[in-house]
Amino acid sequence: MVELVVSAVAAVCEPVFVIAAPGQPLPPLSATVLRDEVRGVGPLLATGRGLRAAAEVGAERAFVCAVDMPLMTAALIDGLAAHHGVDVVLPWDGRDHYLAGVYRTSLAGRIDELVAAGERSMRALVDSVNTQRIVMPESEALTNVNVAADIG
């Protein structure tokens, strides 16, 4: 599934970073793989690592996506990226999709502060910065898939 997500993201974003747990096996990818230093601390710390890497290559904003969204589309990413002037742009279809949004790379420092204070949730980040939620109908692109057989 990670190959499908990387392919969709790479269609509109460059470079692509994949954040993986220490020792997590991955297939060959057309992306830069970065490893979490600690296993099991949640997506907030991994998001900070990815945003910092994107900032280091000069990006001001980055699309953050879970690797269990193999139906992600370039159109959804482009639609979110069209919104400017905020720290975070999230799709909202009755719930926030924290791991399918556009984030300012400068938020890496804010994430460090939250993690140092014991926070681990993406909600803690988006609730503490200027976030725009884009209302949209339910979309297959935002579907989390647990096993490859679930891809319709």
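Starting from 1, each residue takes its place in the sequence as its number. All of these numbers come straight from a predicted model, not from anything done at the bench.
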Linking I/L/V/M/F/W/Y whenever any side-chain heavy atoms sit under 4.5 Å apart, do Val5 and Val33 land together? yes
Test item: Glu56 side-chain N/O and Ala53 main-chain N/O as donor-acceptor pair under 3.5 Å: no
Evaluate the side-chain proximity of Pro43 to Met122: yes if any heavy-atom separation is below 4.5 Å, no if none is. yes
Side-chain donor/acceptor of Arg61 to backbone N/O of Ala81, under 3.5 Å: yes
Restricting to non-hydrogen atoms, name the atom on Arg110 and the atom on Val129 that form the minimum distance, rounded to 0.1 Å. CG-CG1, 4.2 Å
Atom pair CG/CD of Asp36 and Gln24 - distance to nearest 0.5 Å: 9.0 Å
With heavy-atom distances below 4.5 Å as the criterion, would you say the side chains of Val145 and Pro70 are in contact? yes
Locate the shortest heavy-atom distance separating Gly101 from Leu90; write the atom from each residue and the value. CA-CD2, 4.0 Å
What pair of heavy atoms forms the shortest contact from Arg52 to Gly109, and how long is it? NH2-N, 4.3 Å
For Trp92 and Gln132, what are the C-alpha separation, side-chain angles and deciding distance, and is it a side chain to side chain contact (heavy atoms under 4.5 Å, CB included)? CA-CA 9 Å; Trp92 188 87; Gln132 180 177 8; over 6 Å; no
Restricting to pairs with a member in residues 67-78, which pass side-chain hydrogen bond (donor to acceptor under 3.5 Å, both in side chains), not counting sequence neighbours? Asp68-Asn144
Ser128 side-chain N/O to Ala124 backbone N/O, donor-acceptor pair under 3.5 Å: yes
Determine whether a donor-acceptor pair (N or O, by modelled atom type, separation under 3.5 Å) exists between the side chain of Ser7 and the backbone of Leu4. no
For the backbone of Ala54 and the side chain of Thr105, can you confirm whether one donor and one acceptor N or O come within less than 3.5 Å of each other? no
Common cluster, Val67/Leu142, ILVMFWY with side-chain heavy-atom separation under 4.5 Å: yes
Search all heavy atoms of Ala10 against all heavy atoms of Val16 and return the closest pair with its distance. CA-CG2, 3.7 Å
Check the pair Leu29, Val2 against side chain to side chain contact (heavy atoms under 4.5 Å, CB included), reporting the backbone distance first and the verdict last. CA-CA 8 Å; Leu29 298 170; Val2 67; 3.9 Å; yes
Steps toward side chain to side chain contact (heavy atoms under 4.5 Å, CB included) verdict (Leu76, Ser139): CA-CA 9 Å; Leu76 189 137; Ser139 167; 4.2 Å; yes
For residues Val64 and Met136: do they belong to one hydrophobic cluster (side chain heavy atoms under 4.5 Å, members Ile, Leu, Val, Met, Phe, Trp, Tyr)? no
In terms of heavy-atom contacts, Cys65 and Met72 come closest through SG-CE, 4.0 Å
If you take all heavy atoms of Ala74 and Val12, which pair is closest and at what distance? CB-CG1, 3.6 Å
To the nearest 0.5 Å, what is the distance between CG on Leu44 and CZ on Arg123? 13.0 Å
Nearest-0.5 Å distance, CG of residue Leu34 to CZ of residue Phe17: 6.5 Å
Apply side chain to side chain contact (heavy atoms under 4.5 Å, CB included) to residues Tyr103 and Leu125 and explain how you reach the verdict. CA-CA 10 Å; Tyr103 291 75; Leu125 173 63; 3.8 Å; yes
Any pair counted as salt bridge (Lys or Arg N to Asp or Glu O under 4.0 Å), so long as it reaches residues 82-98, sequence neighbours left out: Asp87-Arg104, Asp96-Arg133
Are Val86 and Tyr98 co-members of a hydrophobic cluster defined by side-chain heavy atoms under 4.5 Å apart? no
Any chain of hydrophobic side-chain contacts (each under 4.5 Å) joining Ile111 to Ile19? no
Do Ile134 and Val89 have side-chain heavy atoms sitting under 4.5 Å apart? yes
Once you round to the nearest 0.5 Å, how far does CG of Leu114 lie from OG1 of Thr47? 11.5 Å
Would you say the side-chain atoms of Arg120 pair up with the backbone N or O of Gly42, donor to acceptor, closer than 3.5 Å? no
About how many Å separate CG of Leu80 and NE2 of His97, when rounded to the nearest 0.5 Å? 10.5 Å
Looking at CG of Leu45 and CD of Glu119, how far apart are the two atoms once the value is rounded to the nearest 0.5 Å? 13.0 Å
